[in-house]
Trainee: 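Sending over a structure as structure tokens; questions will come in a sec.
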Amino acid sequence: MRVRSLLIALCAVLASAGLLVVPSAAVAAPTVAAPTGTSSTSAGCYRQVGDHWECVTPGAFCPAAAHGRSGTSQDGDSYRCVQDGSYWRWKPAGSSGGTTPKPKPTAKPKPVAKPSGSKCSRKYLPLPDPKCQPGTRNPAVTQKTIKSTICVPGYSRKVAPPASYVNALRVTQIAQYGYADRKPSHYKEDHLIPLSLGGSPKSVKNLWPQPVLAGKGKTPAAKDAVELTLWRAVCRGKVPLAKAQQAIAKNWRTAVRRLGL
């Protein structure tokens, strides 16, 4: 083999000097035959290794050198080296290749709390819902202080909450009771335990929107008459303050009878 190479080189020198004419094939470098069954280096193959080309094996793992490259099988079908999970495989060209990553579940928006509707029940009318307005007392008014508080003329006007507070609360509580009629003038913001009997002036547990209803024993005026009767009895010493407060808070329509007045 070494002698043949030396002869070829010598012939090339003589030919260049015009001393020898040889066929061009004699000095050409030996060619590497293409793999059997392929018409070119690209047919069915994707890279050259030494004197041969590596070709596609459908479905098989493909080496790092083939990642993302295309090639054909010996049958002439086109394939591409694509990622399949944590591996790379030869997949038919045009396929999505590999395992399609599962979409991450999107977090569902938290439901917005809907209005619960009526907070207070109207089934006790003409009385308030005892869960919403059980009645609360003014701690400054006791049996010992009645002579300097509720029994002094003008006391109720002195401790009454401002109109702005009462009007705003009335609108809020009309909605809480779920009244269909939302007109504020159709309701009186009433102190369940009246100020004249030591009720809390501003507590929402003592104030409620009393409907201006027609009929005996239903109107605010009828309750006002009961309040006056009990106030006189307390200030004259006929009825203890605590009993008068309890009776009117439970049911103002029966309070006079319960106290024996």
Side-chain angles (χ1 to χ4, degrees), residues 115-143 145-146 149-151 155-236 238-261:
S116 59
S118 302
K119 180 180 179 181
C120 304
S121 175
R122 301 189 301 276
K123 70 179 182 179
Y124 301 95
L125 290 175
L127 305 177
D129 183 342
K131 292 182 179 179
C132 292
Q133 283 80 37
T136 53
R137 302 175 177 84
N138 182 350
V141 180
T142 65
Q143 187 66 42
T145 64
I146 59 174
T149 54
I150 63 172
C151 295
Y155 167 81
S156 295
R157 290 192 300 272
K158 181 180 178 181
V159 299
S164 59
Y165 175 83
V166 173
N167 293 337
L169 181 59
R170 175 169 49 184
V171 172
T172 299
Q173 291 183 328
I174 286 173
Q176 289 177 346
Y177 270 88
Y179 291 121
D181 181 0
R182 298 296 180 92
K183 194 171 183 178
S185 61
H186 291 176
Y187 305 87
K188 175 188 177 183
E189 195 66 10
D190 177 67
H191 288 89
L192 182 59
I193 299 177
L195 300 178
S196 61
L197 290 176
S200 174
K202 299 180 72 174
S203 173
V204 295
K205 293 184 178 182
N206 196 48
L207 278 163
W208 77 291
Q210 182 184 20
V212 181
L213 302 173
K216 186 178 180 180
K218 293 185 177 181
T219 65
K223 182 173 184 288
D224 291 343
V226 173
E227 293 174 1
L228 179 60
T229 299
L230 268 58
W231 173 78
R232 287 174 177 170
V234 170
C235 289
R236 292 173 182 176
K238 293 182 178 181
V239 176
L241 174 64
K243 286 189 176 182
Q245 291 174 332
Q246 291 170 1
I248 199 166
K250 186 171 184 178
N251 189 337
W252 64 265
R253 295 178 301 174
T254 63
V256 174
R257 184 174 69 253
R258 287 169 58 88
L259 295 172
L261 299 174

Trainee: What's the spacing between Tyr165 OH and Arg170 CZ if we round to 0.5 Å?
Mentor: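 With rounding to 0.5 Å, OH (Tyr165) is 13.5 Å from CZ (Arg170).
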
Trainee: Return yes if some donor-acceptor pair links the side-chain N/O of Trp208 with the main-chain N/O of Tyr177 below 3.5 Å, else return no.
Mentor: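 Side chain of Trp208 to backbone of Tyr177: no pair is present.
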
Trainee: Kindly indicate, with the supporting measurements, whether the criterion side-chain contact (heavy atoms from CB on, under 4.5 Å) is fulfilled by Tyr187 and Asp181.
Mentor: CA-CA 10 Å; Tyr187 305 87; Asp181 181 0; 3.5 Å; yes

Trainee: Identify the two heavy atoms, one from Val234 and one from Ala244, that lie closest to each other, and give their separation to 0.1 Å.
Mentor: CG2-CB, 3.6 Å

Trainee: How long is the straight-line distance from CD of Gln133 back to CD of Gln210, given to the nearest 0.5 Å?
Mentor: 11.5 Å

Trainee: Atom CG in Leu230, atom CG in Leu261: separation rounded to 0.5 Å?
Mentor: 6.0 Å

Trainee: Where do Pro194 and Ile248 come nearest, in terms of heavy atoms and distance?
Mentor: CD-CD1, 3.8 Å

Trainee: Set out, in order, the CA-CA distance, both residues' side-chain angles and the distance that settles side-chain contact (heavy atoms from CB on, under 4.5 Å) for Asp224 and Lys188, then state yes or no.
Mentor: CA-CA 12 Å; Asp224 291 343; Lys188 175 188 177 183; 3.2 Å; yes

Trainee: Would His191 and Glu227 count as a side-chain contact (heavy atoms from CB on, under 4.5 Å) here? Give the steps.
Mentor: CA-CA 11 Å; His191 288 89; Glu227 293 174 1; over 6 Å; no

Trainee: Which heavy atom of Trp252 sits nearest a heavy atom of Ala222, and at what distance?
Mentor: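 It is CZ3-C, 3.7 Å.
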
Trainee: Tell me, do Arg122 and Pro211 make a side-chain contact under 4.5 Å, heavy atoms counted?
Mentor: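 The answer is no, as the side chains (C-beta and beyond) never meet within the 4.5 Å cut-off.
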
Trainee: State, with a plain yes or no, whether a side-chain heavy atom of Asn138 is found less than 4.5 Å away from one of Pro201.
Mentor: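 Yes, close enough: below the 4.5 Å cut-off.
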
Trainee: Give a yes or no answer on whether the side chain of Gln245 reaches the backbone of Leu197 with a donor-acceptor pair at less than 3.5 Å.
Mentor: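 Flag set: sc Gln245 to bb Leu197 pair under 3.5 Å.
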
Trainee: Should Gln173 and Glu189 be marked as a side-chain contact (heavy atoms from CB on, under 4.5 Å) after you check the CA-CA gap, both sets of side-chain angles, and the distance that decides it?
Mentor: CA-CA 9 Å; Gln173 291 183 328; Glu189 195 66 10; 2.4 Å; yes

Trainee: Distance-only, no hydrogens or angles: does the Gln143 side chain make a donor-acceptor pair with backbone N or O of Leu241 under 3.5 Å?
Mentor: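 Answer holds: yes.
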
Trainee: Kindly check if the number of other-residue, nucleotide or ligand heavy atoms within 6.0 Å of CZ (Arg182) is above 12?
Mentor: yes

Trainee: By salt bridge (Lys or Arg N to Asp or Glu O under 4.0 Å), which residues pair with Asp190, not counting sequence neighbours?
Mentor: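 If we apply the salt bridge (Lys or Arg N to Asp or Glu O under 4.0 Å) test to Asp190, skipping adjacent residues, the hits are Lys223.
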
Trainee: For the side chain of Tyr155 and the backbone of Ile146, is there at least one donor-acceptor N/O pair under 3.5 Å apart?
Mentor: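 Not a single qualifying donor-acceptor pair exists.
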
Trainee: How many angstroms lie between NZ in Lys238 and CG in Leu259, if you round to the nearest 0.5 Å?
Mentor: 12.5 Å

Trainee: What heavy-atom pair brings Leu192 and Pro128 nearest, and what distance separates the two atoms?
Mentor: CD1-CG, 3.9 Å

Trainee: Shortest non-hydrogen contact from Ser200 to Asn206?
Mentor: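 So the minimum-distance heavy-atom pair works out to O-ND2, 3.0 Å.
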
Trainee: What are the two closest non-hydrogen atoms of Val171 and Pro184, and how far apart are they?
Mentor: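 What the structure gives for the nearest pair is CG2-CG, 4.2 Å.
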
Trainee: Using 0.5 Å steps for rounding, measure from the CG atom of Leu195 to the OG1 atom of Thr149.
Mentor: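 Output value for this atom pair is 11.5 Å.
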
Trainee: Can you check whether Arg253 reaches Leu127 side chain to side chain, under 4.5 Å on heavy atoms?
Mentor: yes

